[in-house]
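Written below as structure tokens is the structure these notes are about.
Everything numeric in this text was worked out from a predicted model, so none of it was measured. All ligand and atom numbering here is 1-based and tracks the order in the structure.
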Amino acid sequence: MPRLLLLHTGGTLGMAGGRPSALRPAAFFKTLKSRCPELFQLADIELELFCNLDSSEMQPALWSRLATHLHRRLPDFDGAVVTHGTDTLAYTASALSFMLPGLDKPVVMTGSQRPLGEVRSDARLNLIDAVLSALQGPPEVSICFDSHLYRGNRARKVKVAEYDAFDSPNYPLLGTLGVEALFAPGLRQKGPRRLRERLESRVFLLKVFPGLDPALPLALLPQVRGLVLEAYGAGNYPLDPTLGHSLLPLFREARARDVPVVVVSQAHRNGVDLSLYESGAAALAEGALSGGDMTPSAALVKLMQGLAYHQDKEARARFIQTPIVGEMTDRPSNVHGTPAKKSRRAR
Ligand code: ASP
């Protein structure tokens with residue numbers, strides 16, 4: 001029988017309670033064995049309690065510990081399933097993908113919208129599909145949810161109260177688990193399995209919005225080592241100094257302080273092309289880095305890792321703008337879906 005490691009980290013899947021009281025983490029393995037005994041027909045499963053938290057409590061230090069644990073334990077297994085709350089699942093999946101380069105076995109993350117102990121729970125099928133994906137799916141960090149397998153660092157939580165909670169707007173599915181379970185080959189990473197668990201967590205994720213006072217992020221700059229800017233559309237932001245809200249001084253100041261600014265899009269599909277409009281081109285001229293079609297969560301974790309491992313500015317910029325584990329599309333000019341036009345005027 002194949003050997004599988006099942007690490008529980010918490011989330012709704014293993015919670016108990018519910019209205020009128022609040023859902024909270026509960027004893028999980030007893031419920032798992034009584035509600036989902038067929039899981040143990042698929043593989044010889046070793047159960048481990050890593051932590052038992054609502055995933056809003058997840059922190060970079062826990063990602064590092066989780067990656068270290070997986071790196072150490074995986075040689076003894078054919079694959080791993082990590083159960084996790086859905087709220088920060090996409091962040092943790094991104095972190096694990098960057099921290100485990102050269103991964104040669106599936107690490108499949110899953111969770112659920114309703115606890116395993118409930119009659120209409122989605123947890124049972126998600127768990128069975130996740131185990132199957134960890135035995136037959138591609139050797140990368142993925143998320144299995146509602147009969148779909150997503151690349152972990154491409155996924156977003158898009159729904160709060162429906163079973164198809166995840167989407168991967170910029171990358172095709174790695175698997176569909178219908179009547180037949182079908183899997184894509186996925187990543188075939190070169191090089192040996194490594195552990196890159198260090199992160200610089202003094203970063204900030206800033207969303208541009210109409211009315212954002214540029215003085216606020218400017219005041220923040222001395223506190224941070226890096227910034228992800230969720231800009232509009234193709235990477236746009238207010239530029240015109242006469243209108244009083246230009247964010248260009250933020251890029252200038254960040255450059256002067258050697259604080260990398262990674263620009264990603266608020267739009268879910270496609271990505272930024274900083275050469276397309278005036279504001280993006282001005283940011284590029286001030287040294288902004290293109291996050292291409294990365295999700296904000298993948299860009300944030302990648303920035304944390306880039307800062308921890310690359311002191312040299314050029315090497316850091318190259319790392320951030322190059323696909324490492326399938327988290328971004330190779331050629332940023334194609335990401336926007338139109339042939340690159342230079343500096344189309346925004347106004
Ligand atoms: N609050 C829960 C968590 O992320 C939500 C879930 O698991 O669906 O832990």
Side-chain angles (χ1 to χ4, degrees), residues 6-32 35-36 39 47-67 69-70 80-97 99 107-131 133-134 141-169 177 199 201 205 268 295-298 300-301 304:
L6 194 153
L7 280 183
H8 184 58
T9 72
T12 297
L13 180 124
M15 289 189 185
R19 294 193 181 97
S21 63
L23 278 168
R24 47 175 61 88
F28 174 60
F29 292 141
K30 219 170 133 219
T31 321
L32 180 70
R35 288 281 179 166
C36 206
L39 209 59
L47 302 174
E48 263 191 51
L49 186 72
F50 180 79
C51 59
N52 199 1
L53 299 170
D54 186 293
S55 77
S56 44
E57 306 289 354
M58 273 289 161
Q59 298 294 334
L62 277 170
W63 299 336
S64 302
R65 272 184 44 210
L66 188 55
H69 192 72
L70 284 165
V81 167
V82 179
T83 52
H84 195 286
T86 59
D87 288 342
T88 63
L89 187 43
Y91 287 94
T92 304
S94 300
L96 291 180
S97 75
M99 289 174 163
V107 171
V108 184
M109 305 195 69
T110 194
S112 69
Q113 296 286 62
R114 276 177 173 263
L116 182 60
E118 287 189 11
V119 175
R120 287 194 60 249
S121 176
D122 51 333
R124 183 176 161 275
L125 192 59
N126 285 351
L127 280 165
I128 291 171
D129 284 348
V131 167
S133 304
V141 179
S142 58
I143 294 177
C144 188
F145 218 90
D146 194 45
S147 308
H148 296 104
L149 189 69
Y150 305 95
R151 175 164 289 167
N153 55 34
R154 293 287 197 153
R156 288 175 179 259
K157 180 171 177 176
V158 292
K159 295 181 187 175
V160 176
E162 289 166 53
Y163 286 140
D164 53 340
F166 285 86
D167 193 11
S168 169
L177 295 104
L199 296 171
S201 58
L205 174 58
H268 290 190
T295 61
S297 40
L300 191 79
V301 179
M304 287 181 180

Flag side-chain contact, heavy atom, 4.5 Å: M58 against Y91: no
On a heavy-atom basis, which atom in T86 and which in S112 lie closest, and how many Å separate them? CG2-O, 3.9 Å
Residue list, salt bridge (Lys or Arg N to Asp or Glu O under 4.0 Å) with R114, at least two apart or on another chain: E118
Flag side-chain contact, heavy atom, 4.5 Å: V108 against D129: no
Closest contact, heavy atoms only, L199 versus V301: CD2-O, 4.1 Å
To the nearest 0.5 Å, tell me how far L53 CG sits from M15 CE. 9.0 Å
Close residues (non-hydrogen atom under 4.0 angstrom from ligand 1) work out to G11, T12, D54, S55, G85, T86, D87, S112, Q113
